[in-house]
*Asks:* 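The structure follows.
Everything numeric in this text was worked out from a predicted model, so none of it was measured. Values below: all heavy atoms of this structure, side chains included; hydrogens, waters and symmetry mates excluded.
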Amino acid sequence: MGRYVLRRLLQLIPVFFGTTLLIYWLVWSVPGDPFAGKCGERACPDTYVQFMTEKYHLDDPLPVQYIYYMGHLLTGDFGQTFGGRNISEIIAQAYPNTLKLALVGLIIEAVIGLIAGVLTGLRRNGFLDNLVLVSTLFLLAIPTFVSGFLLQFVLGTQFRIISPTVSSDAPFHELIVPGFVLASISMAYVARLTRTSIAENSRADYVRTAVAKGLPQRRVVGVHLLRNSLIPVITFLGTDLGALMGGAIVTEGIFGINGIGREVYRAIVTKESATVVGIVVVLVMVYLLMNLLVDLLYAALDPRIRYE
């Protein structure tokens, strides 16, 4: 196992550099004046433009700029905005709120999606199965900004069950409704994926053998059927954590959460390319680490899988 983990970590290095290079090229190659609007309605002075161009190596080719950037990044320096603010400070302030929101959403989609998928997979073509299929189709059809505004208006404004906006420190109890909104589409996918996997594995030979041995249904489902059926679901949930963090722009905007999503939106509007690259690099690292964790969980779920 140790050798496998080391080999996978080494494999992540070229993937990390390749993805960050692509992101850096896409962001910094966007046409337009990077200093537009930085000095108000007037154009920025030539001395300011020259100083910032030299500071950020904007006259150098993109590969050279990328080398400079990665040299600073590997020392923990994410650079500065054009206004002189450290990007690492922006990430440190916004990242915890987005991480908490993503974790709440991940728990909600995992619990509700797995329960719904298991129940419908064991009792196919019944009332509950049809109800869950219709409900998941309903969730998939409603955009996040519609469900977010609807829940905010009904629960926050009409019935005053929740606060319409989340506090600056984003406590977990205030993130339940935003987390549900963020994870609503993924929850539908988890339910459908679990249902399909349960339905397929319930006809497998090892399940029929367990039933023939007279094992209790709870043990057959929990030990034999569910563990093997969870492999594709775990794959989806593991990669979805990064997707939830990256896709939180709309949800954070609706509920006023000061997180990564809002910072990315502000950076795009103000053309702060360095901020966009820094935040996306963090999301790339989350994706890579979650993929490694998912691979390691396979062996725990399926004893036939061995890593050497």
*Asks:* Apply the hydrophobic cluster definition, ILVMFWY joined by side-chain contacts under 4.5 Å directly or through others, and give me every member besides Val132.
*Replies:*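 So far as hydrophobic clustering goes, Val132 is joined with Ile107, Val111, Ile115, Leu119, Leu128.
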*Asks:* According to side chain to side chain contact (heavy atoms under 4.5 Å, CB included), who are the partners of Ala94, at least two apart in sequence or on a separate chain?
*Replies:*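 Expected list: Ile260, Glu263.
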*Asks:* Can you see which heavy atom on Val286 is nearest to which on Gly242, and at what distance?
*Replies:*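 The pair with the smallest heavy-atom distance is CG1-CA, 4.3 Å.
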*Asks:* How far apart are the closest heavy atoms of Thr20 and Val281, and which atoms are they?
*Replies:*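 Heavy-atom minimum between the residues: CG2-CG2, 3.8 Å.
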*Asks:* Rounded at 0.5 Å granularity, tell me how far CD in Glu89 sits from CD in Gln93.
*Replies:*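 So the CD of Glu89 and the CD of Gln93 are separated by 6.5 Å.
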*Asks:* Taking all heavy atoms of Asn201 and all of Ser229, pick out the closest pair and write down the distance.
*Replies:*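 Taking every non-hydrogen atom into account, ND2-OG, 2.8 Å.
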*Asks:* Shortest non-hydrogen contact from Gly113 to Thr194?
*Replies:*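 Answer, listing the atom of Gly113 first, then Thr194: O-OG1, 4.2 Å.
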*Asks:* Determine the minimum heavy-atom distance between Ser186 and Leu244, stating which atoms define it.
*Replies:*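 That would be OG-CD2, 4.3 Å.
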*Asks:* Evaluate whether atom OH of Tyr265 has more than 12 neighbouring non-hydrogen atoms of other residues, nucleotides or ligands under 6.0 angstrom away.
*Replies:*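 Open: at most 12 neighbouring heavy atoms sit under 6.0 Å from OH of Tyr265.
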*Asks:* When you measure from the side chain of Asn130 to the backbone N and O of Gly126, does any donor-acceptor pair fall under 3.5 Å?
*Replies:*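 A pair under 3.5 Å: yes.
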*Asks:* Could you check whether any side-chain N or O of Thr75 sits under 3.5 Å from a backbone N or O of His72, counting only pairs where one atom can act as donor and the other as acceptor?
*Replies:*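 Pair found, side chain donor or acceptor close to backbone of His72.
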*Asks:* Roughly how far apart are Thr98 OG1 and Lys100 NZ, rounded to 0.5 Å?
*Replies:*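 Reported value, rounded in 0.5 Å steps: 10.5 Å.
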*Asks:* Got a sec, which residues hit side chain to side chain donor-acceptor pair (under 3.5 Å) with Thr120, two or more places apart in sequence or on another chain?
*Replies:*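 Per chain and number, Thr120 pairs via side chain to side chain donor-acceptor pair (under 3.5 Å) with no residue.
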*Asks:* Using the rule that Ile, Leu, Val, Met, Phe, Trp and Tyr join whenever any side-chain heavy atoms are under 4.5 Å apart, tell me whether Val269 and Val280 fall into a single cluster.
*Replies:*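 Val269 clusters together with Val280.
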*Asks:* Tell me, please, which residues at least two apart from Tyr66 pass ring pair (Phe, Tyr, Trp, His ring centres under 6.0 Å).
*Replies:*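 In terms of ring pair (Phe, Tyr, Trp, His ring centres under 6.0 Å), with neighbours along the sequence ignored, Tyr66 is linked to Tyr24.
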*Asks:* Test: side-chain hydrogen bond (donor to acceptor under 3.5 Å, both in side chains). Region: residues 147-161. Which pairs qualify, not counting sequence neighbours?
*Replies:*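 Every pair satisfying side-chain hydrogen bond (donor to acceptor under 3.5 Å, both in side chains) with a residue in residues 147-161: there are none.
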*Asks:* Considering non-hydrogen atoms only, spot the tightest contact between Ala210 and Val220 and give its length.
*Replies:*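 Smallest interatomic distance, heavy atoms only, reads CB-CG2, 4.1 Å.
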*Asks:* Rounded at 0.5 Å granularity, tell me how far CG in Leu226 sits from OG in Ser202.
*Replies:*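 Between atom CG of Leu226 and atom OG of Ser202 there are 12.5 Å.
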*Asks:* How far does CD1 of Ile185 sit from CG of Leu139, to the nearest 0.5 angstrom?
*Replies:*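 It comes to 8.5 Å.
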*Asks:* Would you give the length of the straight line joining atom NE2 of His224 to atom OH of Tyr206, rounded to the nearest 0.5 angstrom?
*Replies:*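 That separation rounds to 9.5 Å.
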*Asks:* Between Glu252 and Arg262 (side chain of the first, backbone of the second, donor and acceptor by atom type, cut-off under 3.5 Å), is there such a pair?
*Replies:*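 The answer is yes, because a donor-acceptor pair under 3.5 Å joins these two groups.
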*Asks:* Could you list the residues that satisfy ring pair (Phe, Tyr, Trp, His ring centres under 6.0 Å) with His57, not counting sequence neighbours?
*Replies:*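 So His57 forms a ring pair (Phe, Tyr, Trp, His ring centres under 6.0 Å) with Tyr68.
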*Asks:* Got a donor-acceptor contact below 3.5 angstrom from the Thr196 side chain to the Leu193 backbone?
*Replies:*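 No; zero donor-acceptor contacts below 3.5 Å.
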*Asks:* Check each of Val104, Leu103, Asn97, Leu182 against Leu175 using the side-chain contact (heavy atoms from CB on, under 4.5 Å) test, and report the only one that passes.
*Replies:*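 Passing option: Val104.
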*Asks:* Please check if the side chain of Tyr189 supplies one atom and the backbone of Thr136 the other of a donor-acceptor pair under 3.5 Å.
*Replies:*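 A pair under 3.5 Å: no.
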*Asks:* Would a single hydrophobic cluster contain both Met285 and Leu9, if residues Ile, Leu, Val, Met, Phe, Trp and Tyr are joined by side-chain heavy-atom contacts under 4.5 Å?
*Replies:*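 Looking at the clustering, Met285 is in the same group as Leu9.
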*Asks:* To the nearest 0.5 angstrom, please state how far the CZ atom of Phe78 sits from the OG1 atom of Thr275.
*Replies:*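 Interatomic distance, Phe78 CZ to Thr275 OG1, rounded to 0.5 Å: 11.5 Å.
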*Asks:* Report yes if the side chains of Val294 and Thr239 come closer than 4.5 Å at any heavy-atom pair, otherwise no.
*Replies:*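 Side chain of Val294 against side chain of Thr239, heavy atoms only: no contact under 4.5 Å found.
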*Asks:* Does Arg203 reach the main-chain N or O of Glu200 with its side chain, forming a donor-acceptor pair under 3.5 Å?
*Replies:*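 Judged by distance alone, no pair lies under 3.5 Å.
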*Asks:* Whether the side chain of Asp240 engages the backbone of Phe236 through a donor-acceptor N/O pair (distance < 3.5 Å, no angle test) should be reported.
*Replies:*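 No.
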*Asks:* Within a reach of under 6.0 Å around CD of Gln217, are more than 12 heavy atoms found that belong to other residues, nucleotides or ligands?
*Replies:*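 12 or below, so no.
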